[in-house]
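Below is one structure, written out as structure tokens; the observations come after it.
Convention: sequence-line order gives letters A, B, ...; per-chain numbering from 1.
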Number of protein chains: 2
Amino acid sequence: MFSKATEYALRATIYIAQKSSITNKLSLAEIANAIDSPPSFTAKILQLLTKDNCVINSVRGPNGGFYITDKAKQLQLRKVLEALNENDMFDKCILGLKKCSENKPCPMHFQYKPIKQQLIHLFHVNTIQQLAEKTDHRNLFNNDI
Amino acid sequence: MFSKATEYALRATIYIAQKSSITNKLSLAEIANAIDSPPSFTAKILQLLTKDNCVINSVRGPNGGFYITDKAKQLQLRKVLEALNENDMFDKCILGLKKCSENKPCPMHFQYKPIKQQLIHLFHVNTIQQLAEKTDHRNLFNNDI
DNA sequence: ATAATTAAAGACAAAATTACCCTTAATTAT
DNA sequence: ATAATTAAGGGTAATTTTGTCTTTAATTAT
Ligand code: FES
Ligand code: FES
């Protein structure tokens with residue numbers, strides 16, 4: 001469905017929303033370990049999310065790390081997709097036509113349309129905070145049994 | 001959503017179902033042109049679909065090409081995903097966890113679940129033929145305005 | 001039989017994605 | 001001020017996906 005980069009971005013954002021605060025920043029190492037992602041690659045993705053402090057914030061130096069503000073927690077989850085440039089994901093034709101349109105619909109268009117809208121809705125109605133509250137803090141992403 | 005390979009496979013299958021018959025086989029060149037895909041790459045994908053004649057059939061030599069039997073037209077669209085090894089697409093966790101399960105659901109699991117089921121349903125209930133009938137023959141995949 | 005045509009098969013190349021490493025800059029603690 | 005810590009940034013490497021090309025095999029038409 002999503003690229004690895006986007007998966008890591010979503011997991012990292014939710015994790016940071018669960019565990020961080022302005023007084024308790026999370027290091028790259030902790031985040032990457034918690035969400036089971038390659039640290040260096042995760043660093044790049046976190047940079048995208050901190051660009052213009054659009055989703056998360058970061059501070060360098062001792063006791064530095066990543067955190068998210070209460071305000072940013074109220075952002076739609078869609079903002080994460082935007083930061084990864086994968087926000088147009090759900091505008092696309094499921095069969096890969098250059099343009100998904102009602103005028104020249106592909107054979108799957110009208111059946112896919114309501115599903116597509118639910119996917120868009122999913123990332124629109126949920127705020128980062130709401131997602132963060134959905135699972136208990138302990139073993140959020142450790143389901144690798 | 002899908003890989004290029006899968007997109008081409010779906011488009012090619014639907015196109016072949018629309019235009020081919022045992023007496024009117026379609027050449028690689030015609031198919032690739034019609035569905036707007038790179039010919040050589042499309043050749044590889046058509047090979048996957050003809051493997052064990054699971055979805056489409058092919059004949060070499062003059063007046064050879066690709067076609068689909070009436071029987072195969074009754075196959076679920078899901079068979080195309082299977083041939084491309086992308087059938088497990090909708091079993092996966094939307095956040096990329098190794099396992100999508102009810103026991104250890106990710107924060108999006110229960111909201112994503114009904115959408116996932118509709119996606120699965122989409123590829124289960126539609127036969128290749130049904131999709132082929134959904135659009136007129138002329139400019140099926142030429143929506144590149 | 002021979003030549004022409006078409007897909008199959010394999011090797012290869014390009015591009016994109018994913019991942020890693022090293023240096024730099026910022027911040028903090030001492 | 002100095003040293004330690006941490007993210008930022010740049011370059012590069014590995015892997016996967018996408019795309020190309022050439023040869024081979026099968027089939028048909030002559
Ligand atoms: S045209 Fe294919 S999904 Fe809209
Ligand atoms: S566990 Fe994430 S979608 Fe089911």
Nucleotide D:dT17, atom P - distance to CE of B:Met1 in whole Å: 17 Å
Expressed as a whole number of angstroms, how long is the span from A:Lys4:NZ to D:dA14:C1'? 16 Å
Does any donor atom in the side chain of B:Ser37 or B:Thr42 lie under 3.5 Å from an acceptor atom in the other side chain? yes
Base, sugar-phosphate alone, or nothing: which one does B:Ser27 contact when heavy atoms must sit under 4.0 Å apart? sugar-phosphate
Rounded distance (Å) that lies between atom P of D:dT18 and atom CG of B:Leu84: 10 Å
Rounded to whole Å, please give me the gap between CD1 in B:Ile45 and P in D:dT18. 8 Å
On a heavy-atom basis, which atom in B:Met1 and which in A:Met1 lie closest, and how many Å separate them? CE-CE, 3.7 Å
OP1, OP2 of D:dA7 versus side-chain N and O of A:Gln47: anything below 4.0 Å? no
Could you write out DNA chain C as dot-bracket? Rules: Watson-Crick or G-U wobble, both distances under 3.5 Å, brackets [ ] for crossings, | for pairs with another strand, dot for unpaired. ||||||||||||||||||||||||||||||
Here's a test of your reading of the structure: between A:Arg60 and B:Leu28, which maps to the more 5' nucleotide of DNA chain C? B:Leu28
Heavy atoms only, 4.0 Å cut-off, all strands: where does A:Lys25 land among base, sugar-phosphate and nothing? nothing
Touch class at under 4.0 angstrom, heavy-atom based, for A:Ala5 against every strand present: sugar-phosphate
Outermost DNA chain C nucleotides near chain A [under 4.0 Å, heavy atoms]: C:dT18 to C:dA29
Rounding to a whole Å, what distance do you find between A:Phe41:CZ and D:dT16:C1'? 13 Å
Does NE2 in B:His121 sit with more than 12 non-hydrogen atoms of other residues, nucleotides or ligands closer than 6.0 Å? no
Determine the contact category for B:Leu26: base if any of its heavy atoms lies under 4.0 Å from a base atom, sugar-phosphate if only primed atoms, P, OP1 or OP2 are that close, otherwise nothing. sugar-phosphate
Rounded to whole Å, please give me the gap between CG in A:Asn57 and P in D:dA8. 10 Å
Judged by nearest nucleotide, the residue sitting upstream toward the 5' end of DNA chain C, B:Gly65 or A:Asn63, is B:Gly65
If hydrophobic clusters are built from ILVMFWY residues whose side chains come within less than 4.5 Å, do A:Leu119 and A:Val80 share one? yes
Anything under 30° is parallel, anything over 60° is perpendicular, the rest tilted; go ahead and classify B:Phe123 against B:Phe90. tilted
Quick check, are the ring centers of A:Tyr112 and B:Phe2 under 6.0 angstrom apart? no
Whole Å only: how far is the CG atom of B:Leu46 from the P atom of D:dT18? 15 Å
